[in-house]
2 protein chains.
Amino acid sequence: MSQSGLVATADGQAVMGEVMDSTPASATPAKKPRIRDAEATKARILDAAKKEFAKNGLGGARVDVIAEKARANKRMIYHYFESKEGLFQTVLENAYVDIRTAELKLNLDHLEPREALERLVRFTWEYYQKNPEFITLVNSENLHRAKHLKKSEVIKVYSRKFVSMVTTILERGVSTGVFRQGIDPVQLNITIAAIGYYYLTNRFTGSIVFERDLMAKEALEERLRFNIDTILRLVSV
Amino acid sequence: MSQSGLVATADGQAVMGEVMDSTPASATPAKKPRIRDAEATKARILDAAKKEFAKNGLGGARVDVIAEKARANKRMIYHYFESKEGLFQTVLENAYVDIRTAELKLNLDHLEPREALERLVRFTWEYYQKNPEFITLVNSENLHRAKHLKKSEVIKVYSRKFVSMVTTILERGVSTGVFRQGIDPVQLNITIAAIGYYYLTNRFTGSIVFERDLMAKEALEERLRFNIDTILRLVSV
DNA sequence: TAAAAAAGTAACTAGTTAGTGCGTTAAGTG
DNA sequence: CACTTAACGCACTAACTAGTTACTTTTTTA
C-alpha cells in the first residue's frame, strides 16, 4: 500500500508540474519520499478546483468531483479550506495573483511607450487564451457580486502595482509626445482587458451570432491586430 | 392572446380572491374574465425565470423558486417548457430577440454616420444597464458553450439584420469620407459591445481592483464618453 | 348540457449535495 | 521507542432538487 501511495503522489505532482522542490527545509540529508504530503495534496485540490469551478461556475461545481479529480479525500477539502466557498476564494485569489505577477514581469518600463502598450495588449490577449479559467472564475465571482474578492487584502497590493504600470507608460508617452494628454489609466486598463475578454468569454454565442468561427487561427490573429490598432488609435495624439 | 385575458389575470388570481366578474351562465358574448389564462401564466413564468437565471445562472437557478416567484405551480413549468433547460432556452431566445428588435428600431440609416455610430454606442451602453439580465444570461449561456442558442433558428435572422445595420453605417461613412476603409463590421460590432459589456459585467471585481465605485453616476457618464471616443477614433480616417 | 380538453394543484420520488463524526495511520519529536 | 501531531479515509446525514403521478377544477366545444 505504501508504494502505491507513493506512486499516486508522484503522479499528482507530475500533473501539476514541479512541486517536489517545495519540500520544507529540513536538515535531513536523506530525503525520504513523503507518502503524506500536505502541500502536494493542497496543490492538487486547488488545481482540480480551479478546473471544476471554471467549467461549471461556483454553483455548478461539485465538491465530490473536485475531490475525485484531485485524488484526495473530500474530507481534506474541508480540512484545508473549510468550505466550498472557502476553496473558491483561494482559487480566485490565486488566479488574480498569477495574472498580476505575470503582468509585472513584463518589464515594460524600458520600452518605447507605443511598443510597451502593444506588448501589454498582446500579453493580455495571450494570457486569456492560455488561462481560460481566469475569465470564467472572474465571471463567476461577478455573478456573486465579488463577495469573495472583497475579503482579500493581497489583491489590492497587486492591483495598485498593475494600475501604476499603465500610468507610467501613459506618462512616458505623453512626455515623448506620442500619446495625447488626459487619458485615464483606469479607463485604458479596462478597455485593454475588455476588447480581449469579451471576445473570448463570448466566443460561443459570438460564433453563432456572427456566423463565423471566432476561434479559428486566422480569426484570433485578426482580432489581436484589431485590438492593438484600437488601443493605439485611442491613445495617439 | 386576448387583451382582456391578460388584464383579468394580472389581478384576477385565484389566490387574490377576485370574484367580482365571475358571471357563470350569462351569455355575455363580450369578455369573460378568465381565471385560468395560459398565456399570462407562461408570461409570468418567463419573467420569473429570467430574473432567477440572471441572478444565479442556469446551474444555480432553482425551479421551485421560479414557480413560486411566478405564482404558478411547478408542474406548469414542465407543462409549457418541458424542462429547466427548455425554459432557459426560451428565456435566452427572448432576450436576444428583445435586444435585436430594440437595436433595429433605432433607425440609424438617416443619420450622419458618426452620429449613427455614437447613438449605437450609447444605446448599447444604456440597454445593458437597463437590462442587466441580458448580460448575465449570455454569460451563463457561454459557460455552457452556447448549447441552447445553437438550437435557435430565429437568432440568425435577427443577427444578420443587426450586422448589416453596422455594415451600412460603415459604408456610408466611407463614402462620405469620414470613416477610413477596410474596417471589419463584425470586429467593430464586437468592440462596441465589449467596451460596455465588460465594464458592466465585471463591475463588482472591477470596483475592487481599481478601488473606485464603477457604478457611481459620474463614473458611468465618464465611461460612456470614453467609449464613444474610443469607437470614433477607431473608425476615423 | 354533457363531454372533451386544457389549466392547475398537492404530494411524492429518486437521486444529489455540501458538510461531518469518528476512527486509522504515517511523520515528526524528545 | 513512546508519544504527540497532523494527514487521511469511510460511511453517514439532513437538506435539497429536477422531475412526476394522479387528481381536481375550469373552459371550450359539439
Side-chain angles (χ1 to χ4, degrees), chain A residues 1-6 8-9 12 23-28 30-45 49 52-53 56-68 70-89, chain B residues 1-2 4-6 8-9 12-16 18-19 21-29 31-45 49 52-53 56-68 70-88:
Chain A
M1 275 308 278
S2 59
Q3 279 167 344
S4 58
L6 176 61
T9 308
T23 17
S26 62
T28 333
K31 34 183 178 179
K32 289 180 185 172
R34 295 168 63 186
I35 294 175
R36 293 188 166 191
D37 189 333
E39 289 310 310
T41 305
K42 254 191 215 176
R44 285 205 316 281
I45 291 172
E52 172 73 2
F53 283 134
N56 300 308
L58 172 55
R62 297 293 160 238
V63 178
D64 290 80
V65 172
I66 294 171
E68 195 186 5
R71 296 191 316 284
N73 193 282
K74 183 166 63 156
R75 199 73 187 72
M76 290 296 97
I77 291 175
Y78 290 92
H79 184 241
Y80 291 126
F81 304 100
E82 261 188 299
S83 65
K84 186 188 182 183
E85 296 215 23
L87 178 58
F88 181 81
Q89 192 179 323
Chain B
M1 72 169 114
S2 70
S4 54
L6 234 160
T9 310
Q13 283 309 301
V15 187
M16 306 289 292
E18 182 62 57
V19 208
D21 299 316
S22 61
T23 16
S26 66
T28 326
K31 37 188 173 179
K32 288 179 189 174
R34 295 170 63 186
I35 295 176
R36 294 189 167 193
D37 189 330
E39 289 309 311
T41 304
K42 254 191 214 174
R44 284 203 317 280
I45 291 173
E52 173 72 3
F53 283 134
N56 300 308
L58 173 55
R62 297 296 160 236
V63 178
D64 290 80
V65 173
I66 294 171
E68 195 185 6
R71 299 193 315 284
N73 193 282
K74 183 164 65 155
R75 196 66 188 78
M76 290 295 96
I77 290 175
Y78 291 91
H79 184 241
Y80 292 126
F81 304 100
E82 260 187 298
S83 65
K84 187 188 181 183
E85 296 216 20
L87 177 59
F88 181 81

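Here the structure is a predicted model, which means the values were calculated and not measured. Residue numbers start from 1 in every chain, and the chains themselves are labelled A, B, ... in the order their sequence lines are given, proteins ahead of strands.
- Contact annotation: the side chain of A/Ile77 never approaches that of A/Lys84 to less than 4.5 Å [non-hydrogen atoms, C-beta and beyond].
- Between B/Tyr80 and B/Ala38, the shortest heavy-atom contact is OH-CB, 3.3 Å.
- In terms of phosphate contacts, B/Thr41 brings no side-chain nitrogen or oxygen within less than 4.0 Å of OP1 or OP2 of C/dA7.
- Atom-to-atom, NZ of B/Lys42 to P of C/dA6 comes out at 12 Å; the value is rounded to the nearest Å.
- Across all their heavy atoms, A/Ala61 and A/Asn56 have their closest contact at N-CB, 3.7 Å.
- Looking at A/Phe53 and A/Ile66, their side chains come closer than 4.5 Å, going by heavy atoms from C-beta outward.
- Side-chain contact check for A/Val63 versus A/Lys74: some heavy-atom pair is nearer than 4.5 Å.
- Regarding contacts with the backbone of D/dG19, every side-chain N or O of B/Ser83 stays at 4.0 angstrom or more from both OP1 and OP2.
- In this structure, the CD atom of A/Glu68 is 15 Å from the C1' atom of C/dT17, given to the nearest Å.
- Here the C1' atom of nucleotide C/dT17 and the CG atom of A/Asn56 are 14 Å apart, to the nearest Å.
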Can you pull every protein N or O that's under 3.5 Å from an N or O on nucleotides 16-18 of chain D?
{"residue": "D/dT17", "atom": "OP1", "partner": "B/Arg62", "partner atom": "NE", "Å": "2.7"}
{"residue": "D/dT17", "atom": "O5'", "partner": "B/Arg62", "partner atom": "NE", "Å": "3.4"}
{"residue": "D/dA18", "atom": "OP1", "partner": "B/Ala61", "partner atom": "O", "Å": "3.2"}
{"residue": "D/dA18", "atom": "OP1", "partner": "B/Arg62", "partner atom": "NH1", "Å": "3.2"}
{"residue": "D/dA18", "atom": "OP1", "partner": "B/Lys84", "partner atom": "NZ", "Å": "3.2"}
{"residue": "D/dA18", "atom": "OP2", "partner": "B/Val63", "partner atom": "N", "Å": "3.3"}
{"residue": "D/dA18", "atom": "N7", "partner": "B/Lys74", "partner atom": "NZ", "Å": "3.3"}

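- Across the protein-nucleic acid pair, B/Arg71 atom CZ and C/dA7 atom P stand 18 Å apart, rounded to whole Å.
- Among the protein residues, B/Phe81 comes within range of no part of the nucleic acid, since none of its heavy atoms lies under 4.0 Å from any strand.
- Look at CG on B/Asp37: it is 7 Å from P on C/dG8, rounded to the nearest Å.
- B/Lys42 contributes atom NZ, which lies 4.5 Å from atom CD of B/Glu39 (distance to the nearest 0.5 angstrom).
- Distances from the side chain of A/Tyr80 to the nucleotides C/dA10, C/dA7, D/dA7 place D/dA7 closest.
- As a whole-Å value, the separation of A/Met76 CE from D/dC8 P is 6 Å.
- Following rounding to the nearest Å, A/Arg36 (CZ) and D/dC8 (C1') show an atom-to-atom distance of 5 Å.
- When rounded to the nearest whole Å, the span between CG of B/Asn73 and P of D/dA22 equals 16 Å.
- You'll find the side chain of A/Gln89 stays beyond 4.5 Å of the side chain of A/Phe81, heavy atoms only.
- For B/Arg75 against D/dT20, a side-chain-to-base donor-acceptor contact under 3.5 Å is absent.
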